[in-house]
Asker: 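For reference, the structure I am asking about is given below.
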Amino acid sequence: MELKGYLKKYFNFDEFRPGQQEAVESIIGNQHTIAMLPTGTGKSLCYQLPGYMSEGPVLIVSPLLSLMQDQVEQMMAMGEKRVVALNSFLTPPQKAKALENLHHYKFIFISPEMLGMESVIDRIKGLSVSLFAVDEAHCISQWGYDFRPDYLKLGEIRRKIGEPLTLALTATATNEVRRDIADKLLLEKWNEIVFSVDRPAISLALEKVSHFQEKQQRTMQLVRFLKGPGIIYFSSKKVAEQTSAYLREHGISKVMAYHGGLDSESRILIQQQFINGQLDVVCATSAFGMGINKENVRYVIHFHMPMQIESYLQEIGRAARDGGDSVAILIYSPGDEQLAFQLAEAELPDEFQIERLFTFLIENNVVYQDITRLEEELAMFCGFTDIQWRIVENYLSNLESVDYNQDKRSLLHLLDNRLKVKQSKIKQMLEWIHSQECKRAVILRTFNEKLEDRPENCCSYCGIEMEDFKETDASSDERPIGVDWKQDLASILLLSERI
DNA sequence: CGGTTAGCCGCTAGCGGCTAACCGGTGCGCTAGT
């Protein structure tokens with residue numbers, strides 16, 4: 001049977017979406033594959049179809065519990081019963097049972113952390129996995145070095161389970177990141193399927209303001225003016241909450257803040273309300289977005305700048321899933337980059353903390369195998385955050401022998417390099433903000449692409465007609481008519497002045 | 001770096017104004033205690 005026959009048989013589709021066929025062919029051709037496909041092309045089909053066409057289970061590494069649950073539910077709804085998510089949503093007896101019956105499943109979703117456990121690896125070893133799929137694979141590069149170190153262990157785990165055929169899926173990865181993904185997964189040879197990161201339906205706007213208050217006012221103007229629904233991204237939970245309250249106080253009622261500090265019930269509720277159209281605006285941190293498949297998001301505003309261009313692309317990419325005209329607006333005020341630099345610095349342990357750490361290790365003659373046991377004491381003594389501690393622990397516990405001075409130097413060196421990488425990404429983002437040329441072209445260049453077809457409403461450098469993104473539905477417009485129009489006009493004038 | 005807040009001073013009894021200190025994102029799994 002031809003590939004399309006299988007597509008019809010298992011999914012009842014007649015045609016592949018862009019990139020799917022290439023990815024599937026590469027996999028069934030038994031080649032390790034890194035596939036960079038545009039958002040909304042149905043990446044899950046790329047591992048599901050080859051899964052159906054071969055013996056043995058598919059193991060899918062996923063970054064988020066909610067993402068796994070969604071995928072499992074979707075597949076169940078499609079009639080696939082042999083699917084399981086192996087994560088902490090399972091009670092210990094459920095987990096034990098799932099592990100016991102693992103050979104009955106065709107699709108096994110798992111977090112990198114759970115996959116790092118020896119007991120789980122041992123169980124998976126015996127399964128002869130047909131495909132090892134890593135969803136949102138840019139997380140390896142973006143999170144693995146500090147935030148979620150288990151991402152860097154995936155290669156070693158791949159080895160342990162017999163080097164199965166591997167598929168890494170992502171929507172945004174530069175050449176460098178793709179190389180890093182292959183490197184960390186210990187792939188020697190692989191095939192790349194790379195589609196453009198360009199999203200012609202999204203116009204890119206940059207606006208400069210001079211202070212915080214002005215930014216807040218401009219944000220409100222935009223929310224009033226633009227056709228929703230929309231997402232506003234912040235780098236601070238407090239400012240997201242505060243702006244959400246500010247908008248509500250000014251008559252924009254269907255707004256909520258979303259960030260990692262909320263309890264999980266609230267997070268699920270807000271996400272669902274946004275998807276169902278009960279909310280117009282979400283004031284969010286970077287916690288919001290992965291796995292949100294909402295077709296009609298019409299704008300994304302960045303109140304704070306993201307820490308790297310890839311994050312910016314991921315975040316604006318949540319607009320225009322339906323292909324309709326949308327706009328991404330980053331509002332910059334001088335000094336905004338300081339917050340980004342601050343966050344980057346605070347994530348890694350500083351020199352002083354490392355000095356204290358080694359003072360303690362030397363005085364107590366600690367061997368590295370014992371450091372996990374000393375977590376509380378060391379974290380207190382050095383003032384480590386959870387993440388800082390994990391970086392240190394991960395580094396030391398992987399060392400073979402002990403040479404305190406040498407190890408201290410190399411750890412400091414590693415941390416210094418890591419910080420420099422983060423800083424250079426922020427600088428690159430800043431260069432984009434200050435660039436005096438087509439905003440789209442600059443982003444594409446980062447991904448080694450050239451802008452071929454410039455969309456009509458390309459970017460604020462090439463010129464954008466903001467009227468095209470205006471709210472026109474009179475029924476959702478409850479403001480007094482006179483004020484409204486003046487405000488709208490003012491916002492258009494303000495915008496054209498700024499560019 | 002810049003926004004927020006707690007605390008203090010001053011002049012006259014509650015409040016304005018100043019300064020110093022503090023804080024800032026992303027998730028998994030597990031465990032203790034309700």
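Proteins come first, then strands; the chains are lettered A, B, ... in the order of their sequence lines, and each starts at number 1. Hydrogens, waters and symmetry mates play no part in the numbers below; they use all other heavy atoms, side chains included.
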Asker: Checking side-chain polar atoms at under 3.5 Å, does A/Ser196 have a donor or acceptor matched by the opposite partner on A/Glu449?
Answerer: yes
Asker: Under 3.5 Å for both donor-acceptor distances, Watson-Crick or wobble: does B/dA20 have a partner, and if so which one?
Answerer: B/dT5
Asker: With respect to the side chain of A/Met117, which nucleotide from B/dG29, B/dG25, B/dT26 is positioned closest?
Answerer: B/dG29
Asker: Answer yes or no: does a side-chain N or O of A/Lys237 lie under 4.0 Å from OP1 or OP2 of B/dG3?
Answerer: no
Asker: To the side chain of A/Leu343, which of B/dT26, B/dT4, B/dG25 is closest?
Answerer: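 Output: B/dG25.
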Asker: Within less than 4.0 Å of OP1 or OP2 of B/dT26, is there a side-chain N or O belonging to A/Arg267?
Answerer: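 Result: no.
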Asker: Would you call A/Phe147 stacked on B/dT26, i.e. ring centres under 5.5 Å apart with the planes less than 30° off parallel?
Answerer: yes
Asker: Under 4.0 Å between a side-chain nitrogen and a carboxylate oxygen: does that hold for A/Asp122 and A/Lys160?
Answerer: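 No salt bridge links A/Asp122 with A/Lys160.
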Asker: Is the phosphate of B/dT26 approached by A/Ser311 (side-chain N or O, under 4.0 Å from OP1 or OP2)?
Answerer: no
Asker: Just wondering, are more than 12 heavy atoms of other shown residues or ligands nearer than 6.0 Å to CD in A/Gln272?
Answerer: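 Correct, the count exceeds 12.
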Asker: Would you call the rings of A/Phe109 and A/Tyr47 parallel, tilted or perpendicular, where under 30° means parallel and over 60° means perpendicular?
Answerer: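 It falls in the perpendicular class, over 60°.
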Asker: Any side-chain N or O of A/Gln314 less than 4.0 Å from the OP1 or OP2 oxygen of B/dT26?
Answerer: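 For B/dT26, neither OP1 nor OP2 has a side-chain N or O of A/Gln314 closer than 4.0 Å.
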Asker: Does A/Ser88 have a side-chain nitrogen or oxygen under 4.0 Å from the phosphate oxygens OP1 or OP2 of B/dG29?
Answerer: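 For A/Ser88, the contact criterion (side-chain N or O under 4.0 Å from OP1 or OP2 of B/dG29) is met.
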Asker: Ignoring the backbone of A/Gln242, work out which of B/dC28, B/dT4, B/dG24 is nearest its side chain.
Answerer: B/dT4
Asker: Below 3.5 Å, does any donor atom in the side chain of A/Arg148 face an acceptor in the base of B/dG29, or the other way round?
Answerer: no
